[in-house]
Number of protein chains: 2
Amino acid sequence: MPKPERIDPTDARLLLALTEHPRATTVALAEQSGLSRNTVQARLASLDGGAKLRSFERRVDPTALGYPLTAFVTTQVTQRRLDQVAEALAAVPEVLQVHGLSGETDLLVHVVATDADDLYRVAGQILGIPGVERTNTALVMRQLVDYRLTPLLRRAAEQ
Amino acid sequence: MPKPERIDPTDARLLLALTEHPRATTVALAEQSGLSRNTVQARLASLDGGAKLRSFERRVDPTALGYPLTAFVTTQVTQRRLDQVAEALAAVPEVLQVHGLSGETDLLVHVVATDADDLYRVAGQILGIPGVERTNTALVMRQLVDYRLTPLLRRAAEQ
DNA sequence: CCATTGATTGTGCATTCTGCGCAATTTCCC
DNA sequence: GGGAAATTGCGCAGAATGCACAATCAATGG
């Protein structure tokens, strides 16, 4: 059975190389990571094939798309209607991601907006979903630490 | 000043094509998006060069790396020490991202962990940072809506 | 201790792609 | 209407890809 394939040290090295040069060719990656070209080819295939890599969309910057505002909307939901609420949230384009938190009735909704008015509109839309009882919108003012996985990747690369 | 270059409809089409086939060659992208090869080349260069694309690390799945647990730690901080706290948080590998929320003293810390014990340890480490006054850890139980930007990309692609 | 399996490596080759330059449009904006 | 910027088509030398095959190498289990 195909276990949720783990990233081994070799994969980690490759991913670190890719992080520095995302559009690098196979041969370039090979010499940078100290592997043979064939190995890199095989690994890359399994990275894409397996569940080790998430969608490319994650690399697109919403700000550059015209949505410079990011907010997290915590939402309290009637437990019974969790799935319906999730479906309704998925229908809102500005909703990028929804986490179901411990507590069974709390959702963390990641949204973006073009400006303050737009955010207000989106927040209202969420509050209007049947089953949503309470919401609280927190605007992201600043990135104190930008997303990074490199430290963990490095740890994985060193065996 | 170099505007935070926007993604235009052409870019959006390209990005949608890339979302489907991240490792596609330039020519393949050209015919899929209906652009000329030269244009695709130029656009790709400006995507990487400009601030339109975020780091490749975002595509690496922490679960595959051995960190299947995700949690959000809301943190209340002594305002004066915001920067020091941010620095200390950045020193923790399991901290993937830190958002500064409206309210000036509230942080949203995105962390991962190998298991419950590990999460407990990381949470304790955050609470131990000088300047951190209160924390609240919410474990992500389920992805109600997986990260997706495609709806907004499509909107941008249609003019 | 040895056999088997799977991953890695080196090598080779035909095909395809890349990275450029250049000239001709086309598009967009003032 | 005019001018700048973007797009397009074309070509070419060099590089990379995809694939196959055989030889190592490492880990596993009998």
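So you know, we letter chains A, B, ... as the sequences are listed, proteins then strands, and number each from 1. Keep in mind it's a predicted model, so treat the numbers as computed, not measured.
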Enquirer: Once you round it to whole Å, what is the distance between P of D/dT17 and CD of A/Glu31?
Expert: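 One finds 11 Å between P of D/dT17 and CD of A/Glu31, rounded.
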Enquirer: Does a distance-only test, which skips hydrogens and angles, find a donor-acceptor pair under 3.5 Å between the side chain of B/Arg37 and the base of D/dG11?
Expert: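 Between D/dG11 and B/Arg37, which were checked side chain against base, a qualifying N/O pair under 3.5 Å is present.
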Enquirer: In this structure, how many angstroms lie between the P atom of D/dC25 and the CG atom of A/Leu35, rounded?
Expert: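 Distance check: A/Leu35 CG to D/dC25 P gives 17 Å.
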Enquirer: Look at the rings of B/Phe72 and A/Phe72 and say which category their plane angle falls in: under 30° parallel, 30 to 60° tilted, over 60° perpendicular.
Expert: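 Tilted: the ring planes of B/Phe72 and A/Phe72 meet at 30° to 60°.
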Enquirer: Between atom CG in A/Asp48 and atom P in D/dT17, what is the gap in whole Å?
Expert: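 Interatomic distance, CG of A/Asp48 to P of D/dT17: 14 Å.
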Enquirer: Calculate the interatomic distance between A/Gln41 atom CD and C/dT16 atom C1'; express it in whole Å.
Expert: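 Taking atom C1' of C/dT16 as the reference, CD of A/Gln41 is at 13 Å.
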Enquirer: Grab the CZ-P distance between B/Arg13 and D/dA6 for me, whole Å please.
Expert: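 After rounding, the gap between these two atoms is 17 Å.
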Enquirer: Rounded to whole angstrom units, what separation is found between the CG atom of A/Asp8 and the P atom of C/dT8?
Expert: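 Those two atoms, CG and P, are 7 Å apart.
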Enquirer: To the nearest angstrom, how far is A/Arg43 atom CZ from D/dG18 atom C1'?
Expert: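 For the pair A/Arg43 CZ and D/dG18 C1', the rounded distance is 19 Å.
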Enquirer: With no hydrogens and no angle check, just 3.5 Å: does a side-chain donor-acceptor pair link A/Thr135 and A/Gln76?
Expert: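 Looking only at side-chain atoms, A/Gln76 and A/Thr135 do not form any donor-acceptor pair under 3.5 Å.
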Enquirer: Would you say the side chain of B/Asn38 and the base of C/dT18 hold a donor-acceptor pair, judged only by whether the two atoms sit under 3.5 Å apart?
Expert: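 Side chain to base: no pair present.
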Enquirer: Crowded around B/Tyr147 OH? As in, over 12 foreign heavy atoms under 6.0 Å?
Expert: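 Yes.
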Enquirer: Please determine, for the side chain of B/Thr10, which listed nucleotide (D/dT7, C/dC17, C/dA7) has the closest atom?
Expert: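 Selected nucleotide: D/dT7.
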Enquirer: In whole angstrom, what separates A/Leu44's CG from C/dA7's P?
Expert: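 These atoms are roughly 16 Å apart.
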Enquirer: Pick the nucleotide of DNA chain C nearest each of A/Ser36 and A/Thr25; which residue has the one closer to the 5' end?
Expert: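 With A/Ser36 and A/Thr25 compared, the 5'-side residue is A/Ser36.
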Enquirer: Other residues, nucleotides and ligands only: do more than 12 of their heavy atoms fall within 6.0 Å of CD on A/Gln143?
Expert: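 Enclosed: over 12 neighbouring heavy atoms sit under 6.0 Å from CD of A/Gln143.
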Enquirer: Within the pair A/Thr39 and C/dT9, is there a side-chain N or O less than 4.0 Å away from OP1 or OP2?
Expert: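 Checking C/dT9 against A/Thr39, a side-chain N or O does come within under 4.0 Å of OP1 or OP2.
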